Amino acid sequence: MAYLHQNDPIAQANSAIRRFIESLPGGRITPAVRPEYEQLVRDYFAAVKHRDEQRADEPEPPRLAA
């Protein structure tokens, strides 16, 4: 069975951010690497926006009684 998040663009983008930060000395984002970091964050939010746009067409699930 495939790993649940293997095909999830949001999880992949989040993982890319984590791996990038972990690869930095001391995990610090310096001015030299900030553009690459900001691109990864933009990619993450683009994936979230895409998912939200897809979900906008789906009907709301029924509410559960309390």
Side-chain angles (χ1 to χ4, degrees):
M1 183 171 150
Y3 182 63
L4 179 62
H5 297 297
Q6 195 170 17
N7 297 317
D8 178 0
I10 295 171
Q12 290 172 347
N14 188 31
S15 179
I17 292 169
R18 243 186 347 265
R19 283 191 315 271
F20 178 74
I21 293 171
E22 289 169 353
S23 75
L24 299 174
R28 297 182 57 94
I29 299 169
T30 63
V33 299
R34 182 166 293 282
E36 187 175 353
Y37 169 75
E38 289 177 352
Q39 181 59 54
L40 291 169
V41 171
R42 281 191 298 274
D43 294 345
Y44 171 83
F45 282 109
V48 171
K49 181 179 178 184
H50 179 73
R51 185 224 34 217
D52 291 348
E53 288 171 349
Q54 287 181 324
R55 288 185 177 175
D57 296 334
E58 295 177 4
E60 285 289 321
R63 300 212 179 255
L64 299 175

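The structure displayed is predicted, hence computed values, not measured ones.
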CG/Leu40 to CG/Asn14 distance, rounded to the nearest 0.5 angstrom? 10.5 Å
Shortest non-hydrogen contact from Val33 toward Ile29: CG2-CA, 4.0 Å
Residues that Arg42 engages under side chain to side chain donor-acceptor pair (under 3.5 Å), provided they are two or more places apart: Gln39
Are more than 12 heavy atoms, taken from residues, nucleotides or ligands other than Tyr37, located less than 6.0 Å from that residue's OH atom? no
Which residues satisfy the side chain to side chain donor-acceptor pair (under 3.5 Å) test with Gln54, sequence neighbours excluded? His50
Would you name the heavy atoms of Pro35 and Pro31 that are closest together and state the gap between them? CD-O, 3.5 Å
